[in-house]
**Q** 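Have a look at this one.
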Amino acid sequence: MTTASRLLVIGNWKMNLDFVEALHLGQQIGVILKNRPAEHTDIVLAPPFVDLRSVSSIVDSERIAVQLGAQHVSQHDNGAFTGEVSTAMLKRLDVRWVLVGHSERRSMYHMDDEVVAATLQTVVQAGLNAVLCVGEDLAVRDEGQQSDFVSAQLRSALAGLDEKYAEQVSVAYEPIWAIGTGRSASGEQIRAMASTIRAQLKALGLAGTRVLYGGSVNAENAGSIVSEGGVDGFLVGGASLVAESFLAIIGACDGCYAGKR
Ligand code: PGA
């Protein structure tokens, strides 16, 4: 089971919802949260960059109990990097969290291990919280190499990170074969990987880092995954685009946590 003092659920909206639609979803989440507040779970919304300002303003004006996240950030502070966004720009919009090295960035936008490590450094040095995404593809899993693969990803991104940044780092285990496929990893597979990740984090001096799971999490499977998988929360894609299902996932985490205390 989780040993984290609070769970964490992040909604990754990916490239969905324009700013008007984003406002609407933010409002709906706010209304449901007012009726069913999460007591043990931190909630983060990660909309597209162009939606951040409107979501930030609704979160502020309606006092919604969520924090803002970005799906990506540049490893550089400023300059001639067409199409990129910096940590300073995100901070001005009250963004507190950044996903680093999501598998879609790694596979579609050539974000290699070196860039992932540099970006993670930039994020924590800026005082933001980094959610490092790791996970194997199906070929690696079929060969039984998933533990070695994910451990290597963790070492490459986190080795040498100053321990003073430990509290700003979370890890999301997202097997690529489970993302957006409707086929989530089993509780057993997640538990095994969560313990591999925790052992590796401990070896890197980062014990206590929250370990999340992501990949086809929905309102129906969230409760069993969080208890059987022993994770500290979720990174949710598709199901975070519907307020009711996102809040049901948060409710499942919260309920599981409360039941185990
Ligand atoms: P999914 O995406 O929940 O739609 O599978 C998860 C993710 O990519 O973060």
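Read the numbers this way: they start at 1 and go in the same order the structure lists the ligands and their atoms.
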**Q** For atom 7 (C) of ligand 1, grab the closest protein heavy atom and report residue, atom and distance to one decimal in Å.
**A**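 It is Glu174 OE2, 3.1 Å.
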**Q** Who's the nearest protein heavy-atom neighbour of atom 4 (O) of ligand 1, and how far?
**A**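 Answer for atom 4 (O) of ligand 1: Gly238 N, 2.9 Å.
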**Q** Within a distance under 4.0 Å of any heavy atom of Asn12, pick out the atoms of ligand 1 and give their elements.
**A**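 Per the distance check, 9 (O).
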**Q** Answer with yes or no whether Ala239 contacts ligand 1, where contact means a heavy atom under 4.0 Å from a ligand atom.
**A**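 Per 4.0 Å heavy-atom rule, Ala239 does not contact ligand 1.
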**Q** Determine whether the side chains of Asn78 and Ser86 contain a donor N or O and an acceptor N or O closer than 3.5 Å.
**A**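 Result is no, nothing qualifies.
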**Q** Side chain or backbone of Ile179 under 4.0 Å from ligand 1, or both, or neither, by non-hydrogen atoms?
**A**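 It is both backbone and side chain that touch ligand 1.
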**Q** Would you say the side chain of Val98 lies within less than 4.5 Å of the side chain of Thr87, judging by non-hydrogen atoms?
**A**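 Side-chain contact under 4.5 Å: no.
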**Q** Are there more than 12 heavy atoms of other residues, nucleotides or ligands under 6.0 Å from atom CD of Glu167?
**A**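 Result for CD/Glu167: open.
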**Q** Determine whether Leu99 and Met89 fall in the same hydrophobic cluster, where Ile, Leu, Val, Met, Phe, Trp and Tyr are linked whenever their side-chain heavy atoms lie under 4.5 Å apart.
**A**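 No, no single cluster joins them.
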**Q** Is a salt bridge present between Arg96 and Asp42, judged by a nitrogen-to-oxygen distance below 4.0 Å?
**A**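 Salt bridge: no.
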**Q** Hey, which atoms in ligand 1 end up nearer than 4.0 Å to a heavy atom of Ser216?
**A**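 Listed by number with element: 1 (P), 3 (O), 5 (O).
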**Q** Might you confirm whether atom CZ of Arg36 has over 12 heavy atoms from other residues, nucleotides or ligands at distances under 6.0 Å?
**A**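 Enclosed.
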**Q** Any salt bridge linking Asp137 with Arg106? Criterion: basic side-chain nitrogen under 4.0 Å from a carboxylate oxygen.
**A**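 Answer for the salt bridge query: no.
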**Q** Among all protein heavy atoms in this structure, tell me which lies nearest to atom 3 (O) of ligand 1, with the distance rounded to 0.1 Å.
**A**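 The answer is Gly237 N, 2.8 Å.
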**Q** Can you list the ligand 1 atoms lying under 4.0 Å from a non-hydrogen atom of Leu235?
**A**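 Counting from 1, the qualifying ligand atoms are 9 (O).
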**Q** Give a yes/no verdict on whether any heavy atom in Gly215 is under 4.0 Å from an atom of ligand 1.
**A**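 Yes.
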**Q** At a 4.0 Å threshold, what atoms of ligand 1 neighbour a non-hydrogen atom of His102?
**A**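 Under 4.0 Å from His102, ligand 1 has these atoms: 7 (C), 8 (O), 9 (O).
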**Q** Can you sort out which atoms of ligand 1 are near Gly180, meaning under 4.0 Å from one of its heavy atoms?
**A**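 Answer, ordered by atom number: 1 (P), 4 (O), 5 (O).
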**Q** Is it the case that the side chain of Gln121 and the backbone of Ala118 share a donor-acceptor pair, with hydrogens and angles ignored and the cut-off at 3.5 Å?
**A**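 Checking the backbone N and O of Ala118 against the side chain of Gln121, no donor-acceptor pair under 3.5 Å is found.
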